[in-house]
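To keep things clear, I will list the structure first and then write my remarks on it.
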Amino acid sequence: MDSPALLWFRQDLRLADNPALQAVADRPLLPVFVLDDAAAGRWAPGAASRWWLRQSLEALGRDLAARGTPLLLVRGRAEIVIPALAAAIGAPEVLAGRLYQPWARERDRRVAEALEVAGRRLRLLTSSLLRDPARVMSGSGRPYAVYTPFAKAVAAMGEPDFPILPPARLRPVAAPPPGDTLDSLALYPVAGEPDWAADFPALWTPGEAGAQARLARFVAGPVSGYAAQRNDPGTEGTSGLSPHLHWGELSPRQVWHAVRQAQPGELSQPWPFLSEILWREFSYHLLWHRPEMPDRALRERFAGFPWQPDAALLRAWQRGRTGYPIVDAGMRQLWHYGWMHNRVRMIAASLLVKHLLQPWQAGAAWFWDTLVDADLASNSASWQWIAGSGSDAAPYFRVFNPVLQGEKFDPAGRYVRRFVPELAALPGKWLHQPWKAPAEVLRGAGVILGRDYPGPVIAHAAGRARALAAFAALRAGGHGLGDTTGDSMDPAA
DNA sequence: AGCCAATTGTC
DNA sequence: ACAATTGGC
């Protein structure tokens with residue numbers, strides 16, 4: 001069989017362990033990436049993701065070109081572009097890794113239809129998850145709604161298959177059609193790298209080689225102390241693999257087996273980390289079975305939650321000016337590096353939805369634009385989890401105390417001092433609650449509250465009480481809330 | 001993978 | 001006095 005194949009790269013920007021690439025065998029191959037923002041709509045990649053994507057496409061293009069099969073880049077509607085390319089090279093088959101976002105599922109259906117009209121077909125392979133979400137079902141034959149039984153079920157399916165090696169060589173098609181340039185995809189808002197990304201390269205190396213290097217570094221060190229170190233935002237205790245996994249520069253089973261090789265034997269040892277991989281799987285499981293997850297609360301009850309949308313409060317949170325140092329450190333780390341430590345994501349998200357009563361969708365939208373690892377499944381599931389509106393969510397009455405969380409997880413203050421430098425000279429005792437510091441301590445640290453650093457946007461006790469009252473009103477089935485802010489009431493529908 | 005106030009336990 | 005535990009939110 002020597003007919004050419006079209007290999008459609010989407011969120012599997014790698015050569016190793018790529019089932020679609022393996023399925024091509026040694027047929028002539030045209031690799032293509034299509035930037036189709038119109039199909040994705042609101043969920044087209046955000047700014048930080050586009051920065052990443054541009055670099056990753058550059059890397060993939062280099063890797064493919066080195067094997068004699070340059071990557072074709074095209075801007076446009078996939079259901080037009082893909083069938084046209086398949087026709088141009090006479091490919092009976094288009095191969096791609098399966099996507100799970102609602103918009104992508106719709107689009108794949110349209111692409112498949114357009115191909116079938118011309119007697120061709122779209123073959124989708126599982127390449128970005130350990131298990132296909134449709135294949136994991138509870139004993140009752142229904143999808144899982146709770147993480148723990150889901151994780152147990154996936155673990156009980158046994159270790160995933162070993163990764164596939166990258167192909168030794170690839171054959172190009174005889175006459176590749178012309179494509180667009182990387183620049184013309186306009187993944188950067190202006191020519192040259194955007195200035196907000198100035199420090200991204202210090203932390204990130206997008207592309208398959210960078211992903212492999214990051215994985216190797218993780219399994220050589222942090223993975224062994226993961227259970228203890230993962231909650232310390234001031235150290236590199238986590239893997240930092242999330243953006244690589246999002247774009248599929250690495251597959252979860254490559255990660256799984258690298259970790260298993262470092263920690264063979266009982267699954268319980270590497271479990272704290274592998275469990276995070278399974279949280280990602282669970283998020284995709286939820287997205288597949290509950291496609292409304294990015295937009296609407298999974299718990300019906302929350303449809304009537306009395307959120308109080310407020311542009312100024314949202315902006316203070318976005319800019320890292322809430323007056324809670326651990327939260328502000330996180331929001332600034334996010335802006336600076338396109339990434340935030342997971343522990344801090346929970347604290348910052350909790351403050352936004354509980355103390356500030358801002359709808360979780362507003363927080364999710366900000367993360368979508370600023371995170372290099374923005375992922376529709378993980379982002380939506382996690383925001384709903386923290387808001388209490390998700391399947392298997394944290395109960396709404398769990399309200400993080402940002403002072404206690406800061407003291408518990410950043411006891412030495414390394415993290416806050418790094419990202420909130422205006423507080424760097426404050427002694428540890430006051431670092432997580434500068435408004436309580438005596439005047440002479442503040443003076444000694446060179447801090448004037450309200451000028452150099454804001455006071456707390458809301459007192460913790462008041463914010464907590466208001467959040468619990470809102471929740472109580474919800475439980476009582478009422479839609480009103482006896483708040484004192486009057487006209488700012490605006491229950492989100 | 002919560003917080004907090006009340007209660008109980010220990011010196 | 002203070003720590004550990006508990007139950008409601």
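Everything numeric here is computed off the predicted structure, so don't read it as measured data. Quick note on labels: first sequence line is chain A, next is B, and so on, each numbered from 1.
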A:F273 and A:F218: aromatic ring centres closer than 6.0 Å?
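For A:F273 and A:F218, the ring centres are under 6.0 Å apart.
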Test item: A:Y337 and A:L334 side chains (from C-beta on) under 4.5 Å apart, heavy atoms
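The answer is no, as the side chains (C-beta and beyond) never meet within the 4.5 Å cut-off.
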Return the set of residues passing ring-ring contact (aromatic ring centres under 6.0 Å, His included) with A:H285 (not counting sequence neighbours), or none when no residue passes.
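Testing A:H285 for ring-ring contact (aromatic ring centres under 6.0 Å, His included), a comparison that skips the adjacent residues, returns A:F150, A:H289.
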Do you know which of A:R414, A:R418, A:H341 makes side chain to side chain contact (heavy atoms under 4.5 Å, CB included) with A:P233?
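Of all the options given, the one that passes is A:H341.
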Less than 4.0 Å between a side-chain N and a carboxylate O, is that true for A:D375 and A:R280?
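No, this pair does not count.
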CG of A:L468 versus P of C:dG7: gap in Å, rounded?
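Interatomic distance, CG of A:L468 to P of C:dG7: 19 Å.
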Across the strands shown, which category fits A:R345 at heavy-atom distances under 4.0 angstrom: base, sugar-phosphate, nothing?
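No contact at all - A:R345 keeps every heavy atom at 4.0 Å or more from the nucleic acid.
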Please tabulate, one pair per line, each protein N/O and nucleotide N/O from nucleotides 2-6 of chain B that are separated by under 3.5 Å, including the distance.
from, atom 1, to, atom 2, distance (Å)
B:dG2, OP2, A:R398, NE, 2.8
B:dG2, OP2, A:R398, NH1, 2.2
B:dG2, OP2, A:R398, NH2, 3.4
B:dG2, O3', A:Q405, NE2, 3.1
B:dG2, N2, A:F397, O, 3.1
B:dC3, OP1, A:N401, N, 3.1
B:dC3, OP1, A:Q405, NE2, 3.1
B:dC3, O2, A:R464, NH2, 3.2
B:dC4, OP1, A:N401, ND2, 3.1
B:dC4, OP1, A:H460, NE2, 2.9
B:dC4, OP2, A:N401, ND2, 3.3

